[in-house]
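Just follow the structure's listing: the first ligand is 1, and inside any ligand the first atom is 1.
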Amino acid sequence: MDSSSEDAATQAGEAPTDAGAATVTSSAAGPVDERVAIAPTSLSPSRASDFMQCPLLYRFRVIDRLPEKPSEAATRGTLVHAVLERLFDAPAAERTAPQARALVPGQWDRLRESRPEVTELFTDDPDGERLARWLGEAEQLVERWFTLEDPSRLEPAERELFVEAELESGLRLRGIIDRVDVAPTGEVRIVDYKTGKAPRPEYAEGALFQMKFYALVVWRLKRVVPRRLQLVYLGSGDVLTYDPVPADLERVERKLLALWEAIKRATESGEWRPRPTKLCGWCDHQAHCPEFGGTPPPYPLPVRAAESDAGPQGRMGPD
Ligand code: SF4
């Protein structure tokens, strides 16, 4: 799912998350007046990408759980994903572009009900002009999908599949896969929709990281290496595919373990370094970021143990 999926509802934030929290230790004699940070217990592709992009951003999202404003791009991603998922409820012959476009208004209503904060996006649009344009853009993205895939010839084995696997090290990997196709031969294809544009070839590896992450989870869960990873870019009308081999996934596992060690060290030391890049322009947390004259919240945080595992509700940048 794209950070629009994973992040926006999940795409807005991956559903279940890489939990992280700070709490108070206690002893048999009673609570101890010392706060310690509790290491996050799992990792998702979006949060792994956050840490690689900027450790301080990871802290703000996973440890501090700072709220993030919904964005038009991420919310449109969530809406488009919902439409593509729901279309498979219809019989194959009815999975047409007009049918898919017709689902957009109803899915927007559902999204507003489940995440009322998204209505903030259009509070300054009394005549509904911007909303109409935004919905039109969502319809165009949905329509473009039909130039890339033919849903009348697909019968997904899974849609919006939550997956979780524990590595031997104890690290739990989790995420939500947009679509899983299984061929009669048993070969598995993992598909992810992106409402943004395809990256330039030199950045394709970064785009494939999320897919290899999912492939590793599926491999660990089902003991089957997915035959194909497929990214469908609705923004530019491109499809990026990759056929992984076990060595690819072993490399990703080593990378994730190294990342996890770095996250644990930062959690223990409290050193979450900002790493400014042009993506800071998409960051909701500049007011707390030293790179922009801000001050992070105290660390570790006051107790928020046993809080829900809900993660950040936004994703940075277009998906
Ligand atoms: S503004 Fe940039 S450097 Fe600061 S937390 Fe956000 S992404 Fe990191």
Does [X] come within less than 4.0 Å of [Y], counting only side-chain N to carboxylate O?
X: E253; Y: K255; answer: no
X: D89; Y: R159; answer: yes
X: D64; Y: R59; answer: yes

task = Test ring-ring contact (aromatic ring centres under 6.0 Å, His included) on F60 and W272 and set out the steps.
result = CA-CA 9 Å; F60 287 156; W272 301 92; 9.6 Å; no
query = Is C289 close enough that one of its N/O/S atoms sits under 2.8 Å from atom 4 (Fe) of ligand 1?
reply = yes
inquiry  = Looking at ligand 1, is there an atom of it that comes within less than 4.0 Å of some heavy atom belonging to H285?
reply    =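 It does not, in that no heavy atom of H285 comes within the 4.0 Å cut-off of ligand 1.
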note = E137 meets the side-chain contact (heavy atoms from CB on, under 4.5 Å) criterion, sequence neighbours left out, with R76, R133, W134
Which of the ligand 1 atoms, numbered from 1, are nearer than 4.0 Å to a heavy atom of [X]:
X: P274; answer: 3 (S)
X: P276; answer: 3 (S)
X: F292; answer: 1 (S)

key: Side chain, backbone, both or neither: C280 near ligand 1, heavy atoms under 4.0 Å   =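 Looking at C280 and ligand 1, atoms from backbone and side chain both fall under 4.0 Å.
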request  = Would you kindly specify which portion of H288 sits under 4.0 Å from ligand 1, judged on non-hydrogen atoms: side chain, backbone, both or neither?
outcome  =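 For H288, no heavy atom sits under 4.0 Å from ligand 1.
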query = Which of these, P290, C54, A287, has its nearest heavy atom closest to atom 5 (S) of ligand 1?
reply =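 Going through P290, C54, A287 one by one, C54 has the nearest heavy atom to atom 5 (S) of ligand 1.
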note = So side chain to side chain donor-acceptor pair (under 3.5 Å) across residues 234-244, not counting sequence neighbours, yields R227-D243, R228-D243, S236-D238, Y242-D248
